Amino acid sequence: MINVNNIYKKFGSLNVLNGVSCTIEKGEKVVIVGPSGGGKSTFLRCINLLETPTYGEVWLDDKILTPIDPYLHPEIIMASKTFKKMFEEKKGSADEQTLTQNIIAEIKEKDLLNERHEGAEYKKLIKAKYAENQIDINKAREKMGMVFQHFNLFNNMNVLDNMIFAPIKLKKMTKEEAIKKAHALLERVGLVDKENVYPSTLSGGQKQRIAIVRALMMNPEVILFDEPTSALDPEMVGEVLSVIKDLANEGMTMVVVTHEMNFAKEVATRVIFMDEGKIKEEAPPEQFFTNPNHPRLKEFLSKVL
């Protein structure tokens, strides 16, 4: 469903993601844990292009969201002037297949491609590959709901208007259809009596439950949760996690960045440990928590459990 292929993200001289690859299948509940600053939230934001990866690609349902990364496609590298020049210079130093592999590896390692100078054939291949596989980012985001740490509700709209705004604006539903669906979702999370109030009057837990059902209004195929309980008072955490658990039990595909280890144990089909912008370990929860392999994960779990 989602295929993240070797993504890097730099902010100036700061490398936040360092070659992250991950596949998320339909129906999976992937929970991402790790120390603060390890790249978890940036990784999540790169999945739906709230941040654009510096290198690498993100695919959704076999369609590409990011620009084409030529380093991931040997046929594009081989069409570049850089490759052709190096091949001519080194011809005869090894058999053709080995030489080709070595040059591609060197170009990747040293980041030698410069799009402005790689020639028409190179640019044509990139353009054709993107045109063949691209999906409009707004269409992609309709498939991927996002729930943020700080709710991101519109404070100038009441609860009902927060929920129906996007599906009506994007012409996914009529106003009558949107209101009917919003009522059903509000009843589901026990907040049907709050439809006419404004977010400023709600508790943190209520705001986050509204944010979750607002995401559900678009009928997403997957929901991304970015530390959905970290801004909540401790007594409010349970009510939000309960809603997320219900979604998981119904088969919703989800990716959750969280510090709630018990939630990860109970809900996840796979847990990923991120540190220093890399995935250092991933495993089913029973293995992840009871028999970790990576020394950094062992250290992390010894502190948080």
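In what follows, residues are counted from 1 in the order of the sequence shown. Keep in mind it's a predicted model, so treat the numbers as computed, not measured. Just the heavy atoms: all of them, side chains too, but no hydrogens, waters or symmetry mates, feed the values below.
Residues P53 and Y8 are not in side-chain contact: their nearest non-hydrogen atoms beyond the backbone lie 4.5 Å or more apart. Side chains of I210 and L191 form a contact here, defined as non-hydrogen atoms less than 4.5 Å apart. With a 4.5 Å cut-off on side-chain heavy atoms, L99 and F87 count as touching. Side-chain contact between F43 and M274: present, with at least one pair of heavy atoms (C-beta onward) separated by less than 4.5 Å. Residues I223 and V147 are in side-chain contact: their nearest non-hydrogen atoms beyond the backbone lie under 4.5 Å apart. Side-chain contact between V16 and K10 is absent, with no heavy atoms from C-beta onward closer than 4.5 Å. At a threshold of 4.5 Å between non-hydrogen side-chain atoms, the residues P35 and F273 count as touching. The side-chain heavy atoms of E221 and M144, taken from C-beta on, include no pair separated by under 4.5 Å.
The shortest heavy-atom contact between N162 and R214 is O-CD, 3.3 Å. Of all non-hydrogen atoms in M217 and M173, the two that sit nearest each other are O-CE, 2.9 Å. Closest of all the heavy-atom pairs between G56 and L72 is CA-CD1, 4.1 Å. Shown here for A264 and V31, the closest heavy-atom pair between the two residues is CB-CG1, 3.7 Å. Counting all heavy atoms, side chain and backbone alike, L186 lies closest to E195 at CD1-CB, 3.8 Å. The two residues F288 and I272 come nearest to each other via the heavy atoms CE1-C, 4.2 Å.
For the pair S21 (side chain) and N5 (backbone), a donor-acceptor distance under 3.5 Å is absent. Within the 3.5 Å criterion, the main-chain N or O of Q287 finds no donor-acceptor partner in the side chain of N291. Not one N or O on the side chain of T98 forms a donor-acceptor pair closer than 3.5 Å with the backbone of A94. In this structure, the side chain of D161 does not engage the main chain of M157 through any donor-acceptor pair within 3.5 Å. Side-chain atoms of T100 come within 3.5 Å of backbone N or O of E96 as a donor-acceptor pair. Side-chain N or O atoms of R209 include none that pairs as donor or acceptor with a backbone N or O of G190 at under 3.5 Å. Between the D95 side chain and the Q97 main chain, a donor and an acceptor come within less than 3.5 Å of each other. No donor-acceptor distance shorter than 3.5 angstrom exists from the side chain of T52 to the backbone of L49, with no hydrogens or angles considered. Counting only distance, with no hydrogens or angles, the side chain of S93 and the backbone of K90 share a donor-acceptor pair below 3.5 Å.
A salt bridge is absent between D226 and R45; no separation between the charged side-chain nitrogens and carboxylate oxygens falls under 4.0 Å. Looking at E250 and R188, a side-chain N of the basic residue comes within less than 4.0 Å of a carboxylate O on the acidic one, giving a salt bridge. Comment: E299 engages R296 in a salt bridge, judged by a side-chain N to carboxylate O separation of less than 4.0 angstrom. Looking at E115 and K123, no side-chain N of the basic residue comes within less than 4.0 Å of a carboxylate O on the acidic one, giving no salt bridge. Here E132 does not pair with K129 in a salt bridge; the nearest charged N to carboxylate O distance is not below 4.0 Å. Here E28 pairs with R270 in a salt bridge; the nearest charged N to carboxylate O distance falls below 4.0 Å.
One finds the CD1 atom of I76 at 11.5 Å from the CD1 atom of I104 (value rounded to the nearest 0.5 Å). Taken to the nearest 0.5 Å, the NZ atom of K143 stands 4.5 Å off from the CG atom of D61. Between L202 atom CG and L153 atom CG the span is 8.0 Å, to the nearest 0.5 Å. Atom-to-atom distance recorded for K29:NZ and I244:CD1 is 13.0 Å, nearest 0.5 angstrom. For the atom pair CD1 of I137 and CG of L65, the computed distance is 4.5 Å after rounding to the nearest 0.5 Å. Distance check: L297 CG to L301 CG gives 4.0 Å after rounding to the nearest 0.5 Å.
Heavy atoms of other residues, nucleotides or ligands lying less than 6.0 angstrom from NZ of K265 number more than 12. Within 6.0 Å of atom CD in E89, more than 12 heavy atoms from other residues, nucleotides or ligands are found, so the atom counts as buried in its surroundings. Heavy-atom neighbours of K278 NZ from other residues, nucleotides or ligands within 6.0 Å: at or below the threshold of 12. More than 12 non-hydrogen atoms from other residues, nucleotides or ligands lie less than 6.0 angstrom from CD of E75. Residue-environment remark: CD (E177) exceeds the threshold of 12 foreign heavy atoms within 6.0 Å. More than 12 heavy atoms of other residues, nucleotides or ligands shown are found within 6.0 angstrom of CG on N155.
A side-chain hydrogen bond (donor to acceptor under 3.5 Å, both in side chains) with N219 is found for one member of K172, K181, E142 and no other, namely K181.
Counted by atom type alone, Y71 and N6 present zero donor-acceptor pairs between their side chains at under 3.5 Å. Side chains of E227 and H150: no donor on one and acceptor on the other come within 3.5 Å. A donor-acceptor contact under 3.5 angstrom links the side chains of E118 and T82, judged on distance only.
Cluster annotation: I68 and I135 are assigned to distinct hydrophobic clusters (Ile/Leu/Val/Met/Phe/Trp/Tyr, side-chain heavy-atom contacts under 4.5 Å, transitive). Residues F289 and I279 do not share a hydrophobic cluster, defined by chaining ILVMFWY side chains whose heavy atoms lie under 4.5 Å apart. In the hydrophobic clustering of this structure, V271 does not group with I24; members are Ile, Leu, Val, Met, Phe, Trp, Tyr whose side-chain heavy atoms approach within less than 4.5 Å, directly or through other members. Note: the hydrophobic cluster containing L216 also contains V256 (ILVMFWY, side chain heavy atoms under 4.5 Å, direct or indirect links). Under a hydrophobic-cluster definition in which Ile, Leu, Val, Met, Phe, Trp and Tyr are linked whenever side-chain heavy atoms come within less than 4.5 Å, directly or via other members, V4 and M146 are assigned to the same cluster.
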* Stepwise, does the side chain to side chain contact (heavy atoms under 4.5 Å, CB included) test hold for E281 with N293? -> CA-CA 8 Å; E281 189 157 341; N293 292 313; 3.7 Å; yes
* V189/E239 under side chain to side chain contact (heavy atoms under 4.5 Å, CB included): CA gap, chis, key distance, verdict -> CA-CA 9 Å; V189 297; E239 64 188 51; over 6 Å; no
* **side chain to side chain contact (heavy atoms under 4.5 Å, CB included) evaluation trace for M163 with V159** => CA-CA 6 Å; M163 294 182 66; V159 165; 4.3 Å; yes
* **side chain to side chain contact (heavy atoms under 4.5 Å, CB included) evaluation trace for Y55 with L17** => CA-CA 10 Å; Y55 298 105; L17 297 177; over 6 Å; no
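Judged by a 6.0 Å distance limit and a 45° cone about the ring axis, K9 is positioned over the six-membered ring of F11.
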